[in-house]
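These notes concern the structure reproduced below.
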2 protein chains.
Amino acid sequence: MSCDPFHRHDHAACHDRTLAAVDALCAERGLQFTPTRREVLDLLLRAPKALGAYDILAQLAGDGAKAPPVAYRALDFLVSNGFAHRLEKLNAYVACAHPGDAHLPAFLICRACDRVAEADAPRPLNKAAREQGFTIEGVVMEAVGLCPACADAAE
Amino acid sequence: MSCDPFHRHDHAACHDRTLAAVDALCAERGLQFTPTRREVLDLLLRAPKALGAYDILAQLAGDGAKAPPVAYRALDFLVSNGFAHRLEKLNAYVACAHPGDAHLPAFLICRACDRVAEADAPRPLNKAAREQGFTIEGVVMEAVGLCPACADAAE
DNA sequence: TTGCGGTTGATATGATATAACATTGCGGGT
DNA sequence: ACCCGCAATGTTATATCATATCAACCGCAA
Ligand SMILES: [Zn+2]
Ligand SMILES: [Zn+2]
Ligand SMILES: [Zn+2]
Ligand SMILES: [Zn+2]
């Protein structure tokens, strides 16, 4: 069902399904899913790996070169509405695999092929936070390692 | 015992103890704890919050302005030997609270006062990784929120 | 029409990080 | 003493990531 970048699958279906879901969510919520925003999400969905803001900018350049804020603004829209996620470790962005579902995302990042899988994060810091009286508002959880294919290739 | 930045404590003792521990570890392991490296760790230990590379650079400038690689090289030394940690969310660095102990660090970052506490991370993503056949080599785990003092002040 | 809010376009700048190469200082072998 | 190799440092330039600012545009409603 959900997209697993580490294994062969019909990714065109993931692409179409996600874009349709975001279309619907924006309509529901009264958000403007403008052409630029849609194109950026489309690029993220087509890319085999996380894209930096300037990667996106370059690929938008079909329409003539754009300035950095164009990419950052579209990404801000997508991230703040839960349609994409930022990877702090990579300074890069991926499309969300479950837009609309409330979820705390975690990421598995292959250091060899750069593919990224979105996983569901457990709540592991709650205990430490409670002990210190800390109120958690958001969590970054990103694992770096090797995907199955790259681990096989490396052995 | 270990340093808790969210509560008042005799931090000078933390500072001295950590610096001494790192001195000893470097001697044991045949690492060169040079003046620059020591000064950078000292700055990290004294700072109430995580420091960016350029913050450090500026504070080293007592000796005359240095170029960025000076800071980055010292930080690389400290991070790769486990004497400091990099916070991906902040592009900044903190001294390790338990140098020498093997540990998987997690961080609690107060968005109001910018103080950072190091916690012990559980092994969180192992289940998700196993399901996908992913081999984890390193994990970034950083929670953003409010420390007790700032939460009280905000209510 | 006029004003307003949200989006986009464009220029400039700020902040973070690394490449590349020269230089220094120190120990080991000759 | 000399040379060598190696690790650390110094220095310049550049790459990469991100934001401030202001102008222009567009759909909508008072
Ligand atoms: Zn998601
Ligand atoms: Zn891979
Ligand atoms: Zn630590
Ligand atoms: Zn605080």
Side-chain angles (χ1 to χ4, degrees), chain A residues 22 26-27 29-44 47 49-81 83-94 109 111 114 140 142 144, chain B residues 22-23 26-27 29-41 43-44 47 49-81 83-94 109 114 140 142:
Chain A
V22 173
C26 287
R29 301 181 190 169
L31 299 171
Q32 303 189 41
F33 197 31
T34 62
T36 302
R37 293 167 176 180
R38 191 171 222 281
E39 190 179 356
V40 170
L41 182 56
D42 181 75
L43 289 169
L44 290 176
K49 56 190 207 65
L51 297 178
Y54 281 72
D55 294 335
I56 287 167
L57 212 52
Q59 297 192 242
L60 285 176
D63 327 4
K66 300 285 177 51
V70 171
Y72 284 102
R73 287 195 284 233
L75 288 167
D76 282 351
F77 171 85
L78 295 172
V79 169
S80 58
N81 289 289
F83 304 145
H85 301 294
R86 172 178 166 84
L87 297 170
E88 297 295 340
K89 180 80 186 182
L90 303 180
N91 297 330
Y93 302 82
V94 290
I109 303 170
R111 65 166 165 80
D114 292 324
V140 174
E142 301 172 4
V144 177
Chain B
V22 172
D23 265 329
C26 287
R29 301 180 189 168
L31 299 172
Q32 303 188 43
F33 198 32
T34 62
T36 302
R37 291 167 177 178
R38 191 170 221 282
E39 191 179 356
V40 170
L41 182 56
L43 290 169
L44 290 177
K49 56 190 209 64
L51 296 179
Y54 282 74
D55 294 336
I56 288 168
L57 212 51
Q59 296 193 241
L60 285 176
D63 325 5
K66 299 286 175 48
V70 171
Y72 284 102
R73 286 194 284 232
L75 289 167
D76 281 351
F77 170 86
L78 296 172
V79 169
S80 58
N81 289 291
F83 305 144
H85 301 293
R86 173 178 167 82
L87 297 171
E88 297 295 340
K89 179 82 186 184
L90 302 180
N91 297 330
Y93 302 81
V94 290
I109 304 169
D114 291 325
V140 174
E142 301 172 5

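Proteins get letters first, then strands, A, B, ... in listed order; numbering begins at 1 in each.
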Write down the distance between [atom1] ([X]) and [atom2] ([N]), rounded to a whole number of angstrom.
X       : N      : atom1 : atom2 : answer
B:Leu90 : D:dA18 : CG    : C1'   : 15 Å
B:Gln32 : C:dT24 : CD    : P     : 18 Å
A:Leu57 : C:dA10 : CG    : C1'   : 12 Å
A:Asp76 : D:dC17 : CG    : P     : 16 Å
A:Glu39 : C:dT8  : CD    : P     : 11 Å
B:Leu31 : D:dA7  : CG    : P     : 12 Å
B:Asp55 : C:dA15 : CG    : P     : 10 Å
A:Leu78 : C:dT7  : CG    : P     : 12 Å

If you round to the nearest 0.5 Å, how far is OG1 of B:Thr36 from CZ of B:Arg38?
12.5 Å
Would you mind reporting whether A:Arg86 and A:Val94 have side-chain heavy atoms less than 4.5 Å apart?
no
State, yes or no, whether a side-chain contact exists between A:Leu43 and A:Leu60 at a heavy-atom distance under 4.5 Å.
yes
Heavy atoms from C-beta onward define the side chain here; which of C:dT18, C:dT7, D:dT19 lies closest to that of A:Tyr72?
D:dT19
So which nucleotide from C:dT7, C:dA17, C:dG9 ends up closest to the side chain of B:Arg86?
C:dA17
Closest-nucleotide mapping onto DNA chain D: is B:Ala67 or A:Tyr93 further toward the 5' terminus? I mean the 5' end.
B:Ala67
Once you measure the plane-to-plane angle for B:Phe33 and B:Phe77, does it fall in the parallel (<30°), tilted (30-60°) or perpendicular (>60°) bin?
parallel
Testing B:Leu44, B:Val70, B:Leu51 one by one against B:Leu75 for a side chain to side chain contact (heavy atoms under 4.5 Å, CB included), which residue passes?
B:Leu44
Any side-chain N or O of [X] less than 4.0 Å from the OP1 or OP2 oxygen of [N]?
X       : N      : answer
A:Asn91 : D:dA18 : yes
A:Arg38 : C:dT7  : no
A:Thr36 : C:dT7  : no
A:Arg73 : C:dG9  : no

Donor-acceptor pair (no angle test) under 3.5 Å: B:Tyr54 side chain, C:dA17 base
yes
